[in-house]
Every structure is written in C-alpha cells, then in structure tokens.
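Take a look at the structure set out below.
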Protein chains: 2
Amino acid sequence: MGFGNVSERRSAPPQVGVSVVILALGPKHSQISQNSDGDVPLNKPDMNNGDRSDRSRLWLPLVRRVKQPFLGDWALPGGGLRADRSLEQSAFAALESTTALHPRYLEQLYTFGDPERSHGGLPMVSIVYWALVGQGETAGFEEGDNVRWFPEDTLPPLAFDHREIVDYALTRLRSKIEYSDVATRLLGPTFTLRQLHDVYEAIDGKLVDLANFRRKILASGMLEDTGEKTREGRQRPATIYRYASERTPRISAPYAFDGGEVNAATVERDPVDDALSALMPSRPERRRHAEHAQ
Amino acid sequence: MGFGNVSERRSAPPQVGVSVVILALGPKHSQISQNSDGDVPLNKPDMNNGDRSDRSRLWLPLVRRVKQPFLGDWALPGGGLRADRSLEQSAFAALESTTALHPRYLEQLYTFGDPERSHGGLPMVSIVYWALVGQGETAGFEEGDNVRWFPEDTLPPLAFDHREIVDYALTRLRSKIEYSDVATRLLGPTFTLRQLHDVYEAIDGKLVDLANFRRKILASGMLEDTGEKTREGRQRPATIYRYASERTPRISAPYAFDGGEVNAATVERDPVDDALSALMPSRPERRRHAEHAQ
DNA sequence: GCAAAAGTGTTTATGATACACCCATGA
DNA sequence: TCATGGGTGTATCATAAACACTTTTGC
C-alpha cells in the first residue's frame, strides 16, 4: 500500500503506534561480566537478593531494531494499535510481547508526533506509556540477543528520539515520587521502610534522611503495617509494610487485560494525583474526526 | 473506503485526530439574554471591560456537531492529523479553523483511545491539547450558530467523552496554576496583582488572601515590574506587572506555525514545570512501528 | 476627610531538616 | 557485650496562613 506522491503522503495522516518505557530496580553494578560488543553491563537486574547496597539503580529493557532506520540500535519496546483495544491494553500487549513482564504500574507518558522524528521513513505518532515493574515480577523473563536490560545512566545510543523519551519518563518518575506512591511499585507487595527509602534514594540521586523519611511516609498514611517483621540479618527486625491503597478499592479496573502469572489487575493508575483515575473510568464514547467539518 | 468485515475492522488501527480544550476568562454572568433553545448563557466572554467583579469565570468555545453520532450536540473543536505537521501544529490548526483564536498557551493534555468511546462509529484516538487565551485575543472572533462560548460550570451535554476531557483539562489547569505561570496566560501581556489574584480565585473557587498572594507571587520572581501604574478608578494606582519569562528566551520555538494577526510564537509550553520543554525541542527522528517485530 | 483599593508588618502554625540518641537482635 | 540496623526525640529553620495596619489616590 503505497502513497501516490510526496504531497499526498504529506497531507495523509501519520502512522500510529505505542511504545513503553519499562523501569525496574536493579543492582548498582552488574554482577556478570561485560558483554562482547563492549556495551555496558547488561544482565537483567536481580530482583531476589536481599543485598541492600547492591539494589540501587534503575534498569530498563530495550529491544534491538531489526529494520532500517537505526538497524541494530536499541529502542523502546513498542507495537501497533488495534481498534478493539484501549491504549493501555496496547501498551500492555507491546510490553508483554517483548519482555513478558507484568508491570505494577502503567501510565500514559506523552504522545510524540513531530514529523522530524520519522528520520526519513513513514511519519509516526507514538503514544508512549511508562511502566514500573516490582521485584519478583521478572522471574519468568529471559533475555535474548534482541532484548536486554540496561542501567538508566549508561544507556547505549537509542533509535529515533527514544533517548529523550526515556529521559522524560525518568523526569516524570522523579517528579511523581515526591507526591505519590509510585516508589512502592518498584518493590514487591510488602517491604520495609529501609527498602522504600533506598528506592527514593536510587531514583533521585540525593541522600534522604532516614529518620525524617520514616516520619513523613508514615504520616502520609499511604503505608499499612502488615504486623510482620523481617527475620534476616543479625539486627533488630524491621516492620514490614504494605501499600495501603488496597483499602481504597478501585472504582473500576483501568483495563480488563487479565492473564499471565501475575494478575494484570495489580496494574493501576495513580489513584491520588493522576486526575484521570477519577475521570477516565468514564463512560464509552466515540469521536470521529469530523468535528471541524461543520 | 470500507472495511471488509467486523473482525478486520477490530484488528485494524483506529482513526486518529486532535482536539483542543480552549479556555478563556469571561464574565461571571452573561450580559446578553438567554438563547432561544434554552441553553445556558452563551455570548462570548467580553474581554475588554475593566469591571473586575464581572471577570471571574472560565469560558470555553464548543462547536456543534453536524453528523451522527451526537448530531446537534456540542463538542470540542478538533481536526485531523497530517504527516507533515507536528501535533501542536495540528492542534493549532484545529483551533484556528473553528475559532480563529490565538492561544497564549498550548500544551498536550492526554491521548484518549478507549474503543468504548467510539459509540458505535469508527474507533477514534484523540490527542487532546488544552489552550489558554488571554484577554484581547478574542477581538476578531465571531460566534456562529455552530460555535459558541459556554461558562465552564454550566456546560450543555457534550458529545462523546468530551465532558470528561473538559473536566480533566480543568483539573490540570487548577493543578498547574499552583506551581507555574499559567494564570498569567489568561490575562493580557500586562496586569496588576489584583487581576492576577482574581484569576487564581476564579480558577479554583476558593478565596486567596490578597496580602499573602502578593508576597508569594512577588517572591517567586515570575513577575517583572513594568514601571507603569494603573490610572483608572479613584483609588491608589496599582503597579503593572508583566510575566518575566521574556527574560528567559526560548531555546527554540515549540513549533514554527506563524501567521495570523497575533504572532503564534507567543504560544509557549510551560518553561518551568513541563519537562518536555527541555526535552522536546529535541532532535529529529523517525519511529516506524516495527519495534516489536524483532 | 472619606471611601476604596494598594501595599506592608507581625504573629502564629505547620512542616522540613539536621542530628543526637535509644532499642532490639544475632553472633 | 558489641556491632548493626531499627526506630524516636528534639531543636532549628523556612514557609504558609491570618489578619491588623498603613499608604495613596479621586472625589
């Protein structure tokens, strides 16, 4: 299906797709050796050891491009839209098809559509989502030659404008961590205050006073004491908390995508600050693009 | 151009368009009489009188649908995408084609794409922008039978999910006014602190202590004394300020759309808080939707 | 001088930060 | 009992809110 000529192509609508920035907490330094082609560390973040000092950097999975342009470069996982799927479902599907990960958080980031970004190919509008994956969510994940995890601060050159997109996702995460619960989504369902504290420090470089952090978080009421205590290490056991939003039942599931080993229903929009949570579980509708054809 | 059958249509990509929520400051009560069909007040907000008490509500223009579904209902201005235009340009074009308004602020709001919203017609993804129009910007604007201004709090029934979209835009405005300069974009290029104060009160219902407001705004450094004073009324003249961002020259114009009586270059993204301002004037790229086809 | 709006001062409450200190546990 | 991280107390500082007060103009 080709376009007739340049001017027809220019006035035609662009292609549309979905991409996802997936973020997870990983070790500060890779434990496995460097890779053959000189790329920076790249084993997947190990989610299951209790070693605090080594769990303090954000990692994200990228896929290698197998087509021009940017053949061989790393890019964000993505996929197409389908008329019978919500954008979130499409994002989820894109995410799943490349990484088999089940996010604990998924939110729309931004829609990129500048003609310049197409780099000579078909113009493309990308609706980008960002996702947070908790610890333990990566159990079934296998890295291949075309999918690999990278630490956020040592990314390889990325295709298209994907580098800026990643940067924007990180900016959003860093901003959102200050007034919402997103940090908890990078951990498992339960965690200690120290673990949560480490997430905060990992996300925005600077050190956070642990004593004040404790008070602030506890005062915010977003955590709930599970009644349990850690039983590791040789120190005083720490209280184990859980994110308290289970109290506030979802009005409606953000999307009905359900399957896989981890329940997709655990994926939520931010209930506090993302106004869409309140507005979006909205009612059906249809909007043909004929509004300005009065 | 029809689709073959239902399942083909379902797996096909949806249509894509752009819509805009346009907001401007208007009088609290309409000065002209009610409309024939019983709709709520609807003359366009008068931007040019100095009557404070009457300048305290948000208004927005809607267009009447001339097709099914929702024929005759009011809807957001919108239009199509073109491969050779940025999303902002498309938003600007949509805005212009229906209202001839020149916004002082334009920012992407959200992309809506739930299949349910299509109400039985062709599935539609809407990339929605919101715009703020300052006083005096509406000079050349003419209302027709198919375009009309409504006060934000007495909207008629809207087509599709446009009501939720408007609500979300208002939520974003109310949130953003607290940590950015958007409020100034609803006024003219210069204004008194009292006027700005009134905008704040108009936007989020509650009263704001004028003394504290004055200190806070002034301390934020976002305003600049023009050196001029008001010379109206029979009271002490007020200092006239201007938004101080002219100091901080734009790195690059958000988009190159230039034309019409008001310079489109005055449309800016929020320079402080919208991280995209820093990231988006980014470099070209192209992203075909083939990422997950490894 | 008086009304009306502009603009300043001052007190109080609230929250963030820094950091000293005590507690519970395993070895 | 000591090392280690868990957890609390408290003084200090910055900011927000409340509101009394002074200033400048036109009439």
Side-chain angles (χ1 to χ4, degrees), chain A residues 49-56 174-175 177-180 183 187 190-242 272, chain B residues 49-56 174-175 177-180 183 187 190-242 272:
Chain A
N49 64 17
D51 183 355
R52 264 208 335 100
S53 67
D54 212 23
R55 187 199 295 136
S56 41
R174 292 190 173 111
S175 153
I177 203 181
E178 313 219 328
Y179 61 94
S180 85
L187 294 168
T190 62
F191 44 83
T192 65
L193 281 182
R194 162 78 68 166
Q195 288 176 313
L196 188 59
H197 171 255
D198 287 358
V199 177
Y200 275 77
E201 288 197 338
I203 289 180
D204 57 24
K206 55 189 178 231
L207 297 178
V208 180
D209 184 287
L210 188 47
N212 295 327
F213 174 81
R214 162 186 306 280
R215 264 187 295 261
K216 201 168 114 182
I217 291 291
L218 255 17
S220 80
M222 85 186 199
L223 298 191
E224 208 168 58
D225 190 334
T226 61
E228 289 176 83
K229 301 268 181 186
T230 51
R231 193 160 303 278
E232 38 181 272
R234 60 194 189 288
Q235 326 80 339
R236 176 174 178 176
T239 306
I240 297 180
Y241 293 89
R242 132 182 71 234
V272 180
Chain B
N49 65 14
D51 183 353
R52 265 210 331 101
S53 67
D54 212 21
R55 187 199 295 135
S56 42
R174 291 187 175 113
S175 153
I177 203 180
E178 312 218 328
Y179 60 95
S180 87
L187 294 168
T190 61
F191 44 84
T192 64
L193 282 182
R194 162 78 69 169
Q195 287 176 313
L196 188 57
H197 171 255
D198 287 358
V199 176
Y200 274 76
E201 288 198 337
I203 289 180
D204 58 24
K206 56 189 177 233
L207 297 179
V208 179
D209 183 289
L210 189 46
N212 295 327
F213 174 80
R214 161 185 308 278
R215 264 185 297 259
K216 203 166 112 182
I217 291 290
L218 255 18
S220 79
M222 83 187 203
L223 297 191
E224 209 169 57
D225 190 333
T226 62
E228 289 176 83
K229 303 265 180 189
T230 51
R231 194 159 301 277
E232 39 183 271
R234 59 193 190 289
Q235 326 80 338
R236 176 174 177 175
T239 306
I240 297 180
Y241 293 89
R242 135 182 67 232
V272 180

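As the structure is a prediction and not an experimental result, all values here were calculated from the model. Proteins come first, then strands; the chains are lettered A, B, ... in the order of their sequence lines, and each starts at number 1.
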Q: Check if the side chain of A:Asp209 and the base of C:dA16 share a donor-acceptor pair of N or O atoms closer than 3.5 Å.
A: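 No pair found.
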
Q. Under 3.5 Å, is there an N or O donor on one side and an acceptor on the other linking the side chain of A:Arg215 and the base of D:dT10?
A.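 Per atom types, the contact qualifies.
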
Q: Apply the test side-chain contact (heavy atoms from CB on, under 4.5 Å) to residues A:Thr239 and A:Lys229: give CA-CA distance (whole Å), side-chain angles for both, the deciding distance (0.1 Å), then the verdict.
A: CA-CA 5 Å; A:Thr239 306; A:Lys229 301 268 181 186; 2.9 Å; yes

Send over the distance from [X] [atom1] to [N] [atom2], rounded to a whole Å.
X: B:Tyr200; N: D:dA16; atom1: OH; atom2: P; answer: 13 Å
X: A:Asp198; N: D:dG6; atom1: CG; atom2: C1'; answer: 13 Å
X: A:Leu210; N: C:dC22; atom1: CG; atom2: C1'; answer: 15 Å
X: A:His197; N: D:dG7; atom1: NE2; atom2: C1'; answer: 13 Å
X: B:Phe191; N: C:dA5; atom1: CZ; atom2: P; answer: 20 Å
X: A:Arg214; N: C:dC19; atom1: CZ; atom2: P; answer: 19 Å
X: B:Asn212; N: C:dT10; atom1: CG; atom2: C1'; answer: 11 Å
X: B:Lys216; N: C:dG7; atom1: NZ; atom2: C1'; answer: 18 Å

Would you please confirm or rule out a distance under 4.0 Å between OP1 or OP2 of [N] and any side-chain N or O of [X]?
X: B:Lys229; N: C:dG7; value: yes
X: B:Thr239; N: C:dG7; value: yes
X: A:Thr230; N: D:dG6; value: no
X: B:Arg194; N: C:dA6; value: yes

Q. Can A:Tyr241 and A:Leu218 be said to form a side-chain contact (heavy atoms from CB on, under 4.5 Å), step by step?
A. CA-CA 10 Å; A:Tyr241 293 89; A:Leu218 255 17; 3.8 Å; yes

(Q) With side-chain contact (heavy atoms from CB on, under 4.5 Å) as the criterion, how do A:His197 and A:Ile217 come out once you've worked through the C-alpha distance, each side chain's angles and the decisive distance to 0.1 Å? (A) CA-CA 9 Å; A:His197 171 255; A:Ile217 291 291; over 6 Å; no

Q: Identify whether any heavy atom of A:Thr192 sits under 4.0 Å from a base atom; if not, whether one sits that close to sugar-phosphate; answer base, sugar-phosphate or nothing.
A: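 A:Thr192: no heavy atom of the nucleic acid under 4.0 Å.
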
Q) Under the side-chain contact (heavy atoms from CB on, under 4.5 Å) criterion, do A:Leu193 and A:Leu223 qualify, and how do the steps go? A) CA-CA 10 Å; A:Leu193 281 182; A:Leu223 298 191; 3.6 Å; yes

Q. Between the main-chain N or O of B:Ser175 and the side-chain N or O of B:Glu178, is there a donor-acceptor pair closer than 3.5 Å?
A.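 Checked: no pair found.
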
Q) Got a donor-acceptor contact below 3.5 angstrom from the B:Arg174 side chain to the B:Ile203 backbone? A)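 Confirmed, B:Arg174 side chain pairs with B:Ile203 backbone.
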
Q: Produce a footprint string for nucleotides 21-27 of chain D: one letter per nucleotide, 5' end first; B if the base is under 4.0 Å from any protein heavy atom, S if only the sugar-phosphate is, - if neither.
A: --BBBB-

**Q.** Nearest-nucleotide 5' precedence on DNA chain D, B:Ala211 against A:Tyr241
**A.**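 Nearest-nucleotide comparison on DNA chain D picks A:Tyr241.
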
Q: Kindly say whether the aromatic ring centers of B:Phe213 and B:Tyr200 come within a distance under 6.0 Å.
A: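 That pair passes the under 6.0 Å test.
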
